[in-house]
Every structure is written in structure tokens, then in C-alpha cells.
Amino acid sequence: AVRLFLESANGRNLSAAYLSALKLHLTRFAEAFVGDLEDITTLELDDYLRSISDAPRTCQSHRLSIKQLFSFAQRKQWLNPNQPTVADTTERFKAPPSEPCIFTPAEMIRLLAAADPITQAYLVICGFAGVRRSEAERMTWGAISIENKSLILSCQITKTSRRRVCALEPNAVEWLTPMVEGKNPQERICGGPIRARLDNTVRSAKVEWKQNALRHSYVSYHLELFGNAPMTAKNAGHDVAVLEQHYLQLVHKSTAAEWFNIRPSSIIHE
């Protein structure tokens, strides 16, 4: 079941990071249980999930992968599709709330200065337009509309499978205009997974990497600078209520203005 599910997942337009996590979680799951899926009980699965880690976020991530497997089994009629699976009835792991990690303008300048052209494009569309890493890795140059000052993310790209148009701030337009010239609209901006390039950039810039901090930075600074939660949420493909709960007044307006004033000339002057 695990093998067939992973083969099916590989055939879909999923990010490399997500596929890697699925394989890691479900390979471990398959090694822990012998027999049929329908023989596993909720108590057994609860005990297994609790044994994975002391970190609730890690346990919940494994739980969601296993839920995907059991849903796949229902679609294949290996399990009854008309009743909840044992994965559905396991305990949910909730991590304690924490404030989003963000980059300072000075850190962003150092990252951009150390980055190669492909990584620079990634930093710009994630940090100045709020695009998710998985979305950025799937984006093509054709998604950038300099004329309309926007990014157009198709439903095949977005995490929510809903088309999204993100308005570009002037500094992002200034960065992206020369980058997009002469590029094939069908060519992926990042060419695939960006992790190795980011690792090289972080080492060169001597900046501590913070998971999802580019997107968190965009949302935090944009919300503070414009004070318009629906507009920020629309650009980032976020929920307004969650956005206001986690990102409201995390930064000073002067710092937000500095963030959206980082331009190519900022790098030359460093």
C-alpha cells in the first residue's frame, strides 16, 4: 500500500520537499507495522505516533502523511470508504503557539548579495511577494507580469489549488524586470528544488536560515506597512483571521518600509 501510494504521489505535481517527507514518514510506518492496514487499531497507531518524537509538530506531520495513505486506501477500495479510518480517529498533536521567524532588512540584503541569479529570483518572489517555497519551485517565468506588476499563480502551482494573483511592490518589479528579459515563459524559475542553492547562499552571507522566514517576513512587513489585512491575505493566499492572529504588529512600520525599499542598488551600495 505504501509503495503504490508513493508511486501515485510521485506522478502528481507535488514539491520535492513534500514527497521526501511522505517517503520518510511512510517508510518508517511500514517498518513498524506488519500485516494489513485494516488490522491496525487506533490505540496502536496512537502509541506509534507518540513514540516518534517529543515534538508535537513532528508527530502531527507524520500523522497527516499516514492519513493521506489511509485515504488513498479508501479510494482504492482496500478500506471501507464510508467510515472513518483509524488514522482519522487518532489524537491530533498541537504545537504550542510561537511567533513567526522573520529576516531583518540587513539580513535580506546580505542574502541577496551572496545569491546567484536563480537564488536571487527565489528570494525576491518569496520575500517581496509572499510566495511559498513549494509554489516558487513550480513557478515559471511566464507567471511574472511586469506590465501588470503582478505574479499570476495558476491552480496547478498554489498550495490551495486556487488561482492567485499577487500584486508586486515597486522594489520587486525593479528586481524582476531585468531577470525576466529573454527568459522562456515555460521555463521554471528555480529549475526545481532550491535547497542546495540556499545552503550555499546562507553560508556565503553568514546569515542564520529560518524556516519559512521569507514568507513570514513578507506578511509581517506588508501587513504593518499597508495596514490592510485583506490585501495582504489575498497576495499571500492566506486566511485573514489567522494572519491577524499571528502577524499583527510584529514589526515597526519604519522597518517594514525599509524592507520594501530593498532594491538592486541596495546591494551595490553595500
Side-chain angles (χ1 to χ4, degrees), residues 13-18 102-103 105 108-109 111-198 200-201 205 212-223 225-226 228 230-238 243 256-268:
N13 190 27
L14 301 173
S15 72
Y18 181 72
I102 61 174
F103 289 117
M108 185 61 159
I109 289 173
L111 288 169
L112 286 163
D116 61 56
I118 290 176
T119 310
Q120 270 193 350
Y122 171 83
L123 293 170
V124 168
I125 60 179
C126 292
F128 299 144
V131 173
R132 295 177 176 89
R133 173 176 165 177
S134 59
E135 295 171 339
E137 290 179 343
R138 292 195 287 266
M139 276 182 64
T140 63
W141 290 106
I144 301 172
S145 175
I146 298 298
E147 181 181 359
N148 296 318
K149 297 176 181 171
S150 64
L151 296 179
I152 304 169
L153 283 71
S154 69
C155 58
Q156 289 81 19
I157 289 176
T158 62
K159 178 182 178 181
T160 59
S161 298
R162 295 177 62 183
R163 188 173 184 270
R164 184 168 93 248
V165 178
C166 173
L168 291 174
E169 298 308 314
N171 73 320
V173 173
E174 192 171 327
W175 277 101
L176 293 172
T177 298
M179 290 181 180
V180 77
E181 289 179 2
K183 295 294 196 304
N184 180 350
Q186 305 301 319
E187 179 187 350
R188 286 194 178 188
I189 295 172
C190 299
I194 195 76
R195 182 73 257 178
R197 291 179 181 273
L198 284 176
N200 291 333
T201 300
N212 295 323
L214 288 171
R215 177 173 164 83
H216 292 330
S217 298
Y218 169 83
V219 174
S220 302
Y221 291 128
H222 196 276
L223 182 61
L225 185 62
F226 297 101
N228 188 330
M231 178 174 70
T232 302
K234 177 180 178 293
N235 285 342
H238 227 313
L243 182 147
E258 190 180 346
W259 179 265
F260 286 107
N261 198 39
I262 297 174
R263 302 170 184 271
S265 59
S266 305
I267 309 304
I268 295 172

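A quick note: this is a predicted structure, and the numbers were derived from the prediction, not measured.
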* Asked: With sequence neighbours left out, what residues match E169 under side chain to side chain donor-acceptor pair (under 3.5 Å)?
  -> H222

* Among all residues two or more places apart in sequence or in another chain, which pass the side chain to side chain donor-acceptor pair (under 3.5 Å) test with N228? -> none

Going by heavy atoms in the side chains, are [X] and [Y] under 4.5 Å from each other?
| X | Y | result |
| --- | --- | --- |
| L168 | W175 | no |
| V165 | N148 | no |
| T140 | Q186 | no |
| C190 | M139 | no |

How would you list all residue pairs meeting salt bridge (charged side-chain N to carboxylate O under 4.0 Å, His left out) that involve [range], not counting sequence neighbours?
| range | value |
| --- | --- |
| residues 118-128 | none |
| residues 113-127 | D116-R197 |
| residues 173-183 | E174-R263 |
| residues 213-222 | none |

Distance-minimising heavy-atom pair for [X] and [Y]:
| X | Y | answer |
| --- | --- | --- |
| I262 | N171 | O-ND2, 3.1 Å |
| L151 | A129 | CD1-CB, 3.6 Å |
| T232 | V219 | CG2-O, 3.9 Å |
| Y221 | A256 | O-CB, 3.3 Å |
| Q120 | L112 | NE2-O, 2.9 Å |
| F260 | F128 | CE2-O, 3.9 Å |

Give, for atom [atom1] of [X] and atom [atom2] of [Y], the distance between the pair rounded to the nearest 0.5 Å.
| X | Y | atom1 | atom2 | value |
| --- | --- | --- | --- | --- |
| I144 | L176 | CD1 | CG | 4.5 Å |
| N212 | R133 | CG | CZ | 8.5 Å |
| C155 | R164 | SG | CZ | 12.5 Å |
| R132 | L153 | CZ | CG | 9.5 Å |
| E147 | T177 | CD | OG1 | 11.5 Å |
| R162 | S154 | CZ | OG | 14.0 Å |

Is a side-chain donor or acceptor of [X] paired with a backbone partner of [Y] at a separation under 3.5 angstrom?
| X | Y | result |
| --- | --- | --- |
| T158 | R163 | no |
| E187 | W141 | no |
| S217 | F103 | yes |
| R138 | I157 | yes |
| W259 | G127 | yes |

* Structure fact -> Which of L214, T201, V131 passes side chain to side chain contact (heavy atoms under 4.5 Å, CB included) with Y122? It is L214

